[in-house]
Amino acid sequence: MSTTEVRRGDPVTTVLTWEVRPGREQEFERWTHGITRCARRLPGNEGVSWLRPEDGHRFHAVLRWSDSHRLTAWLESDERAAWHARIDDIAIELGSERQSTTGLETWFSLPGTTVRPPVRWKMVLTTFLGAFPCTLLIQWLVTPRTAAWPLPLRAAVFPVMLLPVLTYLVMPLLSRLLRRWLYPPPGH
């Protein structure tokens with residue numbers, strides 16, 4: 001789904017891919033810290049994560065924005081253009097690989113890359129490992145305090161608490177911790 005296909009009010013996640021010249025990776029990583037600080041100051045930015053390759057020279061930036069309008073404003077901003085000008089001889093953004101999503105598929109796949117998502121049973125097991133402790137905590141700490149609430153309100157508490165915690169904290173952490181298991185190198 002491209003940025004223009006995302007409805008205006010929906011949160012959006014975009015993956016940008018960078019090809020870094022061999023031997024210039026450290027300079028590029030220093031640059032990522034600066035442009036990330038710049039982006040985080042803007043309204044609507046909900047975080048930037050950088051995925052660094054173990055081998056190779058392609059880096060991926062995962063940008064989360066409150067809506068596609070604010071994402072587009074950042075992508076077309078003079079500030080971003082100025083940051084890009086600083087690394088003209090270091091790296092190039094592969095615009096053909098830029099993709100945006102609004103769903104939970106970003107838990108396990110990188111749009112615009114050749115990385116295949118893990119097999120489904122690994123996704124199920126990883127999601128269970130993330131959801132179970134959160135569910136247990138919510139059931140233990142929150143559910144007893146909401147027993148007198150009407151059923152629809154009680155039922156809403158669980159997903160309102162669980163989904164943001166899984167999406168922004170638990171699943172990104174588990175995906176990093178279990179990376180080698182979820183995405184084994186070819187031939188293993």
Side-chain angles (χ1 to χ4, degrees), residues 1-3 5-17 32-33 36-37 39-54 59-71 74 98-186 188:
M1 175 180 302
S2 72
T3 305
E5 295 173 44
V6 177
R7 290 191 321 235
R8 182 178 173 118
D10 289 341
V12 63
T13 299
T14 296
V15 177
L16 307 177
T17 301
T32 66
H33 295 294
T36 299
R37 281 192 303 274
R40 285 184 177 157
R41 289 192 300 263
L42 296 175
N45 182 279
E46 296 180 353
V48 178
S49 301
W50 285 90
L51 304 174
R52 293 160 176 86
E54 290 181 29
F59 287 67
H60 306 283
V62 181
L63 291 77
R64 292 176 303 281
W65 291 83
S66 61
D67 59 70
S68 62
H69 176 71
R70 289 185 170 165
L71 169 64
W74 163 247
R98 181 188 299 177
Q99 291 193 15
S100 298
T101 63
T102 58
L104 299 179
E105 68 271 17
T106 56
W107 280 1
F108 294 105
S109 63
L110 293 175
T113 67
T114 58
V115 176
R116 298 175 64 114
V119 293
R120 289 182 183 210
W121 70 267
K122 287 184 178 184
M123 288 192 280
V124 168
L125 184 57
T126 303
T127 304
F128 176 79
L129 290 172
F132 180 74
C134 295
T135 302
L136 189 61
L137 281 172
I138 292 169
Q139 294 294 324
W140 177 48
L141 298 172
V142 179
T143 302
R145 291 168 172 75
T146 62
W149 295 8
L151 179 60
L153 190 56
R154 282 193 327 246
V157 168
F158 186 79
V160 164
M161 294 182 75
L162 180 66
L163 295 178
V165 169
L166 282 177
T167 301
Y168 292 106
L169 300 173
V170 175
M171 293 308 292
L173 176 65
L174 277 176
S175 294
R176 280 192 300 274
L177 289 174
L178 300 175
R179 180 179 178 189
R180 290 185 186 274
W181 179 69
L182 288 168
Y183 307 98
H188 285 81

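Predicted model, so just to flag it, every value in this text is computed and none were measured.
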Inter-residue atom distance [X].[atom1] - [Y].[atom2], 0.5 Å rounding:
X      : Y      : atom1 : atom2 : value
Met123 : Leu182 : CE    : CG    : 9.0 Å
Asn45  : Leu63  : CG    : CG    : 7.0 Å
Tyr168 : Leu163 : OH    : CG    : 10.5 Å
Leu173 : Leu178 : CG    : CG    : 8.5 Å
Leu174 : Leu166 : CG    : CG    : 9.0 Å

Taking all heavy atoms of [X] and all of [Y], pick out the closest pair and write down the distance.
X      : Y      : result
Ala156 : Pro159 : O-CD, 3.3 Å
Arg40  : Val48  : NH2-O, 2.9 Å
Leu141 : Arg145 : O-NH1, 2.6 Å
Leu162 : Cys134 : CD1-CB, 3.4 Å
Phe128 : Pro133 : O-CD, 4.2 Å
Trp65  : Pro43  : CZ3-O, 3.6 Å

- Do the side chains of Met171 and Thr126 get nearer than 4.5 Å, heavy atoms only? yes

- Message: I want to check something: taking the side chain as every heavy atom from C-beta on, are Thr36 and Trp50 in contact at a cut-off of under 4.5 Å?
- Response: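 Contact flag for Thr36/Trp50 side chains = yes.
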
- side-chain contact (heavy atoms from CB on, under 4.5 Å) with Leu153: which residues, sequence neighbours excluded?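 Partners of Leu153 by the side-chain contact (heavy atoms from CB on, under 4.5 Å) criterion, ordered by chain and then number, come out as Trp149, Pro150.
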
- Using the six-membered ring wherever Trp is involved, compare the ring planes of Trp121 and Trp181 and label them parallel, tilted or perpendicular (cut-offs 30° and 60°).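 Answer is perpendicular, since the angle exceeds 60°.
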
- Item | Side-chain (Thr143) to main-chain (Trp140) donor-acceptor, under 3.5 angstrom | no

- Task: Kindly determine whether Val142 and Phe158 satisfy side chain to side chain contact (heavy atoms under 4.5 Å, CB included), including the steps that lead there.
- Result: CA-CA 9 Å; Val142 179; Phe158 186 79; over 6 Å; no

